[in-house]
Each structure stands twice: as structure tokens, then as C-alpha cells.
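To start, the structure under review is shown below, and the notes come after it.
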Amino acid sequence: MNNIKACRVCGSDNTYQFNLSLPRLLSPYLYRSNNWHNRFCQDCMAVSHYPKEAKNLVKYADSSYRKEQSNARPQSPISLPWSTITSLRSKHISKLLKGTEKFLDIIKDKSISLLDYGGYNGFTSYGLKSYLDINRIIIADLDPNGLSIASALDMETVNLSKYKANEYTKEDIDLCVCVQVLEHLEKPSKQLLHIISKNCSKIS
């Protein structure tokens, strides 16, 4: 098993363990059971989740990561608390980009192409399209359900269980975003450098 004291994002051991046991009623995606070690990095402020047993390893390619663990009682109506959060994310990201001189130079004379690495259902990038002049969105993810939603919203998709993003997108991408993804990667810095070098020679 990996060093559970190390931050998944920056590799630092300057972390501490904390409990994340919010009620499941608030949101199933905010819930982490006692089967996980949760650590906060004091260097880069990322949160890492480590399974206590190998059987708890997360599988992303079959959508089991997002399924409820118990069907013992009738399920409540579907809750979409993240739709509001995603909308706010899109607005915040667009503000950050518009405050970047390099980005403004790139979009000055044309609409842009965007690669959303780990974008799940594409809602963040779909929201970005309302703030920025984006003519092409590519969602790269492992989850087939999320990719189906993105495709239904007329976005291109890359199934990362079958292809690497750079094998699909041969030409340069103007903008690459990676939102709420780093904590799921074992070596995020290596993966991000690979994505940028292959796809995003202009801005990331």
C-alpha cells in the first residue's frame, strides 16, 4: 500500500489525518466511510483519500464510484447539489482566465478549443462556454455514464480507459482544464506535464 501520509498531489509528508463523516443525506459525494484515511496537506492544501483495504480501491471506469452503497431502503428523489457548485466553478474559472494576459492574447482573434481532463459529464466546460468563446469542447474521463451525458450535450468525448487524451487530440488545444481531478491521481504532476506537452502548448 502507498505511504498514506504522503499527499497525492505534491508528495509532501506534511499532512494530518481528519475525519470526513458528513451525513449521507447532505450528499453522497461528500460522504467518506470509515474505510478511508483522509489527509489534509499543509503544503499545497489538497485532500487525499486512501483506502484502508485493497478491496476498497475505487473503480472509475464502471461508474461504481458514484453509486450508493446500500439499496436496503427506498431511495429519495435524485439530488443534484453539485449542479449549483459546478455553475459557480465555471463562473470562477472564467474570471481567473479573463484576468490572465496570456489567455486574453490567445482568444483575441478566434474562438478556442478546450480539453477538460477528468471532466466527467462536461457540466463545468458546458458552463464555461456561456462565459468564453469556445467552439470545441473535448471531455476526457473514465466514467462511461458521465461521457454519455457529455456526448448528449454535443461535446466530444475521450474514454480514458481506452485511449490517452493525446492519442485522440492530435492538434493543439488552446485551453486545458483539470478540475477536482488531482486528488484522484497517484502522480498528478507527471500526468499533467504529459497532457500539457502533448495537447496544450499555448496555455493550461
Report the distance from atom OH of Y117 to atom CG of D141, rounding to the nearest 0.5 Å.
9.0 Å
All heavy atoms of C10 vs all of C41, minimum pair found to be SG-SG, 3.7 Å
Just to verify, what does S48 make a side-chain hydrogen bond (donor to acceptor under 3.5 Å, both in side chains) with, not counting sequence neighbours?
none
Is the backbone of T86 close enough, under 3.5 Å, to the side chain of T124 for a donor and an acceptor to pair up by distance?
no
For F40, enumerate each residue passing the ring-ring contact (aromatic ring centres under 6.0 Å, His included) test, keeping only those at least two apart in sequence or located in another chain.
Y16
Any chain of hydrophobic side-chain contacts (each under 4.5 Å) joining L88 to L132?
no
Closest heavy-atom pair and its distance - L182, P188
CD2-CB, 3.7 Å
CD1 on I137 to CD1 on I173, rounded to 0.5 Å
11.5 Å
At what distance, to the nearest 0.5 angstrom, does CG of D116 lie from SG of C176?
8.0 Å
Between S130 and S90, is there a side-chain heavy-atom distance shorter than 4.5 Å?
no
Out of curiosity, Y120 OH to I139 CD1, how far, rounded to the nearest 0.5 Å?
12.5 Å
Taking C-beta and beyond as the side chain, do R8 and Y50 meet within less than 4.5 Å on heavy atoms?
yes
Partners passing side-chain hydrogen bond (donor to acceptor under 3.5 Å, both in side chains) against S94 (at least two apart in sequence or in another chain):
none
Under the 3.5 angstrom rule, does the side chain of S148 hit a backbone N or O of P144 as a donor-acceptor pair?
yes
Separation of R136 CZ from E156 CD (nearest 0.5 Å):
4.0 Å
Quick check: closest heavy atoms across V177 and S125, and the distance to 0.1 Å?
CG2-OG, 4.3 Å
Considering non-hydrogen atoms only, spot the tightest contact between L114 and L128 and give its length.
CD1-CD1, 3.9 Å
In Å, rounded to the nearest 0.5 Å, how long is the span from CG of L115 to CD1 of I138?
6.0 Å
Quick one: are L97 and I93 in side-chain contact, heavy atoms under 4.5 Å?
yes
Kindly give the heavy-atom pair with the smallest separation between N135 and I112, and that separation in Å.
OD1-O, 2.7 Å
Going by side-chain hydrogen bond (donor to acceptor under 3.5 Å, both in side chains), name the residues that satisfy it together with N14, two or more places apart in sequence or in a different chain.
Q42, D43
Which atom names give the shortest non-hydrogen contact between V181 and G118, and what distance separates them?
CG2-O, 3.6 Å
Going by side chain to side chain contact (heavy atoms under 4.5 Å, CB included), name the residues that satisfy it together with I149, two or more places apart in sequence or in a different chain.
N121, F123, L153
